[in-house]
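Lettering of chains follows the sequences in order, A, B, ..., and the numbering in each one begins at 1.
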2 protein chains.
Amino acid sequence: MFKFTRRTEYALIAMRHLQSKSMSEITTTKEISDQYAIPFEILSKVLQSLAKVKIIKPVYGPNGGYIIKQNLSNISLWDFLEIMEGPLGLADCFIDSDCTQLDNCNIRTPIQQINNKMKTILTKMTVSDVTL
Amino acid sequence: MFKFTRRTEYALIAMRHLQSKSMSEITTTKEISDQYAIPFEILSKVLQSLAKVKIIKPVYGPNGGYIIKQNLSNISLWDFLEIMEGPLGLADCFIDSDCTQLDNCNIRTPIQQINNKMKTILTKMTVSDVTL
DNA sequence: TTATACCCGACACTTAAAGTCGTATTTATG
DNA sequence: CATAAATACGACTTTAAGTGTCGGGTATAA
């Protein structure tokens, strides 16, 4: 449990880098990939997925690259992590909710309380808490 | 990120089950494995590792099984999770601390703050918050 | 002595993350 | 309008971690 995936790390690094630029500056995948020693192809896909959810904006053609949406303070960290890694939860039953042995399970309730505490923290924080 | 391993779930289920028994009652691996549909061999190993760190006490021979240490309120959830899953941290640099590109990394500090918040929650809670 | 329970290392299987490759699309520029 | 530079994307391979299996070993009550 409890570790960001590389994709998530790459995304946060890239977003912070993009955020440090002025609104009109365009940054290429290669620039970021070089500066932080991130495999180019992987970073490409990460940035593509960020573009897909409109967190960053692609600019095609020569001298192209990406621009970031400047205000990321309206995206909670929880939501962002779910974008990057899929649905979050301490156990499957908080995600799919079709655990075959829910009847027998004796720890669902206490774990749900822990789950909620974690969720609260991550929901109160925003992406810009990391990138700004 | 963010999901208990099966081993951890099995351990918590078993511990809660053991905790519900009186101090003198002995519970076998098979009883738990049957009741919660947990593969016997896996559960065996989980219980063995709990015995190794003295959280439960093995009783050998026929009519043997396990007894739990009744007071688990002195073991924090954080410590317990590290027993089950190894060192915890949102990123490797909070575990090994030999990340080759620490110099370049632009997100270590903000992530460390999140890491600390999570750690605080899990350190304040104890195993008996789940098993009792 | 035997049956029953825990102990444990070595191995196989499964799955998800990580990384690679080839190709298509968009567009600024000479 | 041809070209080069950038993003877009699906299919594939590799890697690592978690999950599960197997075979034998140890302790002990009866």
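The interatomic distance linking A:K3 (NZ) with C:dA16 (C1') rounds to 14 Å, in whole Å. Straight-line distance from the CZ atom of B:F2 to the C1' atom of C:dA17: 19 Å, rounded to whole Å. Rounded to an integer number of Å, the gap from CZ of A:R7 to C1' of D:dC9 is 13 Å. Look at CG on B:L43: it is 17 Å from C1' on D:dC22, rounded to the nearest Å. The distance between atom CD of B:E25 and atom C1' of C:dA5, rounded to the nearest whole Å, is 17 Å. Between the CD1 atom of A:I55 and the C1' atom of D:dT7 there is a distance of 17 Å, given to the nearest Å. Between the CE atom of A:M84 and the C1' atom of C:dA16 there is a distance of 15 Å, rounded to whole Å. Regarding B:Q48, its CD atom lies at a distance of 12 Å from the C1' atom of D:dG25, rounded to whole Å.
Among the protein residues, A:S44 comes within range of no part of the nucleic acid, since none of its heavy atoms lies under 4.0 Å from any strand.
Looking at every heavy atom in both residues, A:K3 comes nearest to B:L90 through CG-O, 3.3 Å. Taking both residues in full, the closest heavy atoms of A:P110 and B:R16 are given as CG-NH1, 3.8 Å, listed atom of the first, atom of the second, then distance. Between A:K54 and A:K69 the shortest heavy-atom distance is O-CD, 3.5 Å.
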Applying side-chain contact (heavy atoms from CB on, under 4.5 Å), run through B:L77 and B:K124 and close with a yes or a no. CA-CA 8 Å; B:L77 219 42; B:K124 279 185 182 162; over 6 Å; no
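Along DNA chain D, the nucleotide closest to A:F40 and the one closest to B:E85 are compared, and the more 5′ of them pairs with A:F40.
Although no hydrogens or angles enter the test, the distance criterion places no donor-acceptor pair under 3.5 Å between the side chain of A:E9 and the main chain of B:A91. Side-chain N or O atoms of B:E82 include one that pairs as donor or acceptor with a backbone N or O of B:L88 at under 3.5 Å.
For C:dC6, the OP1/OP2 oxygens have a side-chain nitrogen or oxygen of B:T29 closer than 4.0 Å.
Taking A:P62 as the reference, nothing meets the side chain to side chain contact (heavy atoms under 4.5 Å, CB included) condition, with sequence neighbours excluded.
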Nucleotide by nucleotide, 5' to 3', does protein get under 4.0 Å of the base (B), only the sugar-phosphate (S), or neither (-) in nucleotides 19-30 of chain C, counting heavy atoms? BBB----BBBS-
